[in-house]
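One structure is given below, encoded as structure tokens.
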Amino acid sequence: MSLTAYSHTFKKELQVSQLKELFDKAVPAIPCDFKDFVRADVECSSCLAKGASVVREGKNAKGEIVKQEHFAFRDASGGDPHQKYCDHYTGPDKIKSPDNDALIDFRTSNSPVTEIIKKMVCAGIENKVFTQQDIRNMREWYIDIRTNNTAKFEISPHLINIAHMAFYLHFKTPKVDEYIDDKYRDTRNGFNLDHEVYKSLVFKHPQYRFTNLTAQDKRWLNDARLADVRKKAALLIKTNNGELVFDRRFLDDKAPLVFRLANEIRSLKVRLSEAIPSSRARYNNPLMALASLLLFVSDWDYDLAVDKLKQIVHIKQVIDLTAGNVIGLNPFINHSAWSIVQILNRIKNETNDQTNYQLEFDKEKERLKKVFSVL
């Protein structure tokens with residue numbers, strides 16, 4: 001159910017009642033009835049689907065509203081025109097991806113951080129730093145790049161933990177070139193058998209060692225040290241293995257700019273710096289959505305985006321707090337996790353790695369149990 005949708009004519013996201021009021025007051029008058037206007041003019045705020053119609057509010061026998069007035073979308077044959085990943089798509093083949101969280105609904109703010117970002121968006125729109133049409137155009141850009149740059153991956157989730165251990169070995173014991181079966185090691189305190197298995201597997205598959213990676217690959221695989229990134233990467237493998245997905249490499253040049261600007265936004269707003277640790281800025285979706293928008297309207301020029309940010313920060317009063325009732329977008333959601341998965345998949349393919357990692361993990365674990373005399 002779409003409570004709001006984007007109007008091309010009025011260049012903003014509107015509720016049905018707001019659109020009807022603007023339609024009735026338009027000068028010169030719009031030369032068609034409201035129903036035809038809606039179908040031709042309105043598109044889904046999330047996926048840009050066409051074919052809108054108005055569904056009037058529903059009331060029960062007591063006259064109580066049980067269904068809000070909203071927009072519905074149907075194509076010429078009566079089918080659902082929404083993209084399969086859109087929240088409003090109702091087909092049985094709906095794509096349920098962690099990436100669906102890339103859309104940030106500023107209309108239903110439920111956190112202090114989202115509320116602060118929403119007010120900054122309002123200030124930006126009210127003072128013409130950017131427009132609702134810019135926000136809509138950014139969604140179109142993302143849909144286009146997401147649709148036209150796809151790839152498949154099929155890897156074992158064990159490779160995520162191998163990448164983690166490769167990072168550990170590279171920075172903690174860089175001169176170690178082989179796994180040593182130390183049967184006299186103390187296994188009473190701080191011993192983790194699974195970690196030992198992954199250490200051993202790193203040496204068995206040296207193509208994943210950091211010494212054999214490019215600087216670009218290392219940049220993203222560094223994040224395999226973070227438990228929440230590894231958890232997200234494992235989820236992406238579980239839900240997307242063998243499926244055609246957006247190839248994140250097409251955003252690799254832009255991601256560092258957005259991460260950097262997100263931290264700049266945080267540092268310039270005291271309440272944001274108090275609420276978000278610097279190390280977590282890149283994982284905050286509303287913050288990343290604003291950083292992405294500023295860079296998008298600046299043609300990805302970092303200095304220009306900072307100038308626009310400072311304009312917004314210096315605005316002391318916002319009159320229209322409804323201007324930010326829009327759906328924002330963080331194209332870089334889960335970017336580290338996606339990059340790790342896709343880099344490991346590329347290395348696997350380039351080295352023709354056909355290993356059954358579950359089988360090898362189980363086999364090595366049984367061997368090391370005997371080495372370390374653990375159950």
Side-chain angles (χ1 to χ4, degrees), residues 1-59 63-91 103-108 118 121-148 289 293 296-297 299 318-329:
M1 183 169 69
S2 304
L3 297 179
T4 66
Y6 182 82
S7 166
H8 277 275
T9 298
F10 300 109
K11 294 180 171 44
K12 60 176 66 178
E13 201 165 318
L14 298 163
Q15 297 173 348
V16 173
S17 59
Q18 293 171 325
L19 181 61
K20 183 65 165 66
E21 182 179 0
L22 291 173
F23 174 86
D24 290 339
K25 293 180 178 180
V27 178
I30 296 173
C32 65
D33 64 22
F34 186 59
K35 178 181 178 181
D36 290 340
F37 170 76
V38 169
R39 186 158 190 83
D41 180 73
V42 171
E43 67 184 21
C44 172
S45 300
S46 300
C47 73
L48 313 186
K50 307 286 187 181
S53 63
V54 171
V55 179
R56 300 300 177 187
E57 67 182 15
K59 296 182 179 180
E64 300 169 330
I65 297 174
V66 294
K67 183 173 66 176
Q68 290 179 274
E69 190 175 46
H70 63 277
F71 296 98
F73 293 82
R74 287 289 179 268
D75 60 26
S77 61
D80 190 334
H82 292 287
Q83 297 278 356
K84 292 179 181 179
Y85 56 78
C86 181
D87 284 343
H88 303 301
Y89 183 71
T90 56
L103 294 172
I104 314 299
D105 194 342
F106 290 118
R107 301 166 303 182
T108 55
K118 176 183 173 180
V121 172
C122 290
I125 292 172
E126 189 171 285
N127 291 271
K128 297 181 174 53
V129 178
F130 45 72
T131 67
Q132 285 201 17
Q133 185 173 11
D134 289 327
I135 298 172
R136 179 262 171 207
N137 290 345
M138 184 178 173
R139 285 197 293 267
E140 183 176 40
W141 163 80
Y142 180 60
I143 289 171
D144 180 65
I145 196 173
R146 178 175 178 173
T147 302
N148 293 308
L293 175 60
F296 177 78
V297 299
D299 198 24
V318 180
I319 297 172
D320 184 6
L321 291 175
T322 66
N325 287 341
V326 296
I327 295 179
L329 173 68

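Numbers here simply count residues along the sequence, with the first being 1.
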Locate the shortest heavy-atom distance separating Gly79 from Asp75; write the atom from each residue and the value.
-> N-OD1, 2.6 Å
Rounded distance [0.5 Å steps], CD1 in Ile30 versus CG in Asp41 | 7.5 Å
Hey, does Asp144 have a side-chain heavy atom less than 4.5 Å from the side chain of Glu140?
-> no
Here the pair of heavy atoms bringing Phe23 nearest to Phe10 is N-CZ, 3.9 Å
Report all side-chain donor-acceptor pairs from residues 48-57 shorter than 3.5 Å, counting only partners two or more places apart or in another chain.
unit_1, atom_1, unit_2, atom_2, d
Lys50, NZ, His8, NE2, 3.2
Lys50, NZ, Glu43, OE1, 2.9
Arg56, NH1, Glu69, OE2, 2.7

Check whether NZ of the Lys or CZ of the Arg Lys12 lies under 6.0 Å from the centre of the six-membered ring of Tyr6 and within 45 degrees of that ring's axis.
-> no
How far apart are the closest heavy atoms of Asp80 and Gly91, and which atoms are they?
-> OD2-N, 4.3 Å
Side chains of Glu126 and Ile319: does their closest heavy-atom pair fall under 4.5 Å?
-> yes
Which distance, rounded to the nearest 0.5 Å, do you find between the CZ of Phe34 and the NZ of Lys20?
-> 6.5 Å
From Leu19 atom CG to Ser7 atom OG, the distance as rounded to the nearest 0.5 Å | 5.5 Å
List the steps, then state whether side chain to side chain contact (heavy atoms under 4.5 Å, CB included) holds for Ser45 with Arg139.
-> CA-CA 8 Å; Ser45 300; Arg139 285 197 293 267; 4.1 Å; yes
Verdict with reasoning, Thr4 to Leu14, per side chain to side chain contact (heavy atoms under 4.5 Å, CB included) = CA-CA 5 Å; Thr4 66; Leu14 298 163; over 6 Å; no
Partner set under salt bridge (charged side-chain N to carboxylate O under 4.0 Å, His left out) for Lys25, not counting sequence neighbours = Glu21
Close side-chain approach of Ile125 to Ile135, heavy-atom, < 4.5 Å = yes
Between Phe73 and His82, does the ring centroid distance fall short of 6.0 Å?
-> yes
Exercise: identify the closest heavy-atom pair between Leu329 and Tyr142 = CD2-CB, 3.5 Å
Could you walk me through whether His70 and Val16 pass side chain to side chain contact (heavy atoms under 4.5 Å, CB included), step by step?
-> CA-CA 6 Å; His70 63 277; Val16 173; 5.5 Å; no
Of all heavy-atom pairs between Val297 and Phe130, which one has the smallest distance, and what is that distance?
-> CG1-CB, 4.0 Å
